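Everything on this sheet refers to the single structure shown next.
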Amino acid sequence: MFLQGRPPFFQQIANMKKTVIFGILMSALCLLSVSSCREKQLLNVRGEVKSVEIHKDTLIALTLSLNNGGDSLVFNLDNARFQNGVMLPKDSVIVDYIEHHDTLKALVVTVLPKVNNFSLPDTLVTISRKATDNEPSQSKGK
């Protein structure tokens, strides 16, 4: 007389397989959720604006050329704040950012002021003013 169906031993093994697989999946899910909640580190970089991507009246992205030569970074400007105005190409800026999934998200963009360069003409005309009779002269003592 043979038992009909599977013996109880095999049924226990089948139930244990389900439990082990469920445990492995839950452990993997917990590991992924804990690792994705790590604290984001605020970073900053200084460089020169290479280009600014604009859509209608909204700033979308900023390409920054680093001071070390050929490297450049592209920042997402969603919800970014700007200090000292909005940047234009060739401006020097400091960008405070975080890494968010595979993008660099700018939080604060500080535009550094430029040194004003101006030149005077070769011939500088000076106007000297002489005291006239209508103007009172300054007395040296009272």
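All values derive from a computational prediction rather than experimental measurement.
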How is the hydrophobic cluster of Val20 composed, in terms of its other members, when Ile, Leu, Val, Met, Phe, Trp and Tyr link through side-chain heavy atoms under 4.5 Å apart, directly or indirectly? Ile24
So do the side chains of Leu62 and Lys50 get within less than 4.5 Å of each other, counting heavy atoms only? no
Just so I know, are the side chains of Val111 and Val86 near enough to count as touching, which here means a heavy-atom distance under 4.5 Å? no
Can I get a per-line list of side-chain donor-acceptor pairs under 3.5 Å for residues 74-81, giving both atom names and the distance, sequence neighbours left out?
residue : atom : partner : partner atom : Å
Asn76   : OD1  : Asp78   : N            : 3.1

Val95 and Leu64, any side-chain heavy atoms less than 4.5 Å apart: yes
To the nearest 0.5 Å, how far apart are CG in Leu66 and CZ in Arg46? 12.5 Å
Who passes side chain to side chain donor-acceptor pair (under 3.5 Å) against Ser65, sequence neighbours left out? none
Stepwise, does the side-chain contact (heavy atoms from CB on, under 4.5 Å) test hold for Asp91 with Glu48? CA-CA 6 Å; Asp91 281 345; Glu48 184 177 289; over 6 Å; no
Supply the members, apart from Ile21, of the Ile/Leu/Val/Met/Phe/Trp/Tyr cluster built from side-chain contacts under 4.5 Å; use none for a lone residue. Leu25
The side-chain contact (heavy atoms from CB on, under 4.5 Å) partners of Gln83 (sequence neighbours excluded) come to Val108, Thr110
Extract all donor-acceptor atom pairs below 3.5 Å that involve side chains of residues 51-60 and protein atoms in other chains or at least two apart in sequence.
residue : atom : partner : partner atom : Å
Ser51   : OG   : Thr63   : OG1          : 3.3

Given side-chain contact (heavy atoms from CB on, under 4.5 Å), test Ile94 with Leu112 step by step and report yes or no. CA-CA 7 Å; Ile94 298 174; Leu112 300 174; 4.0 Å; yes
According to side chain to side chain donor-acceptor pair (under 3.5 Å), who are the partners of Asp71, at least two apart in sequence or on a separate chain? Asn68
What pairs with Leu42 under side-chain contact (heavy atoms from CB on, under 4.5 Å), at least two apart in sequence or on another chain? Asp96, Ile98, Leu107
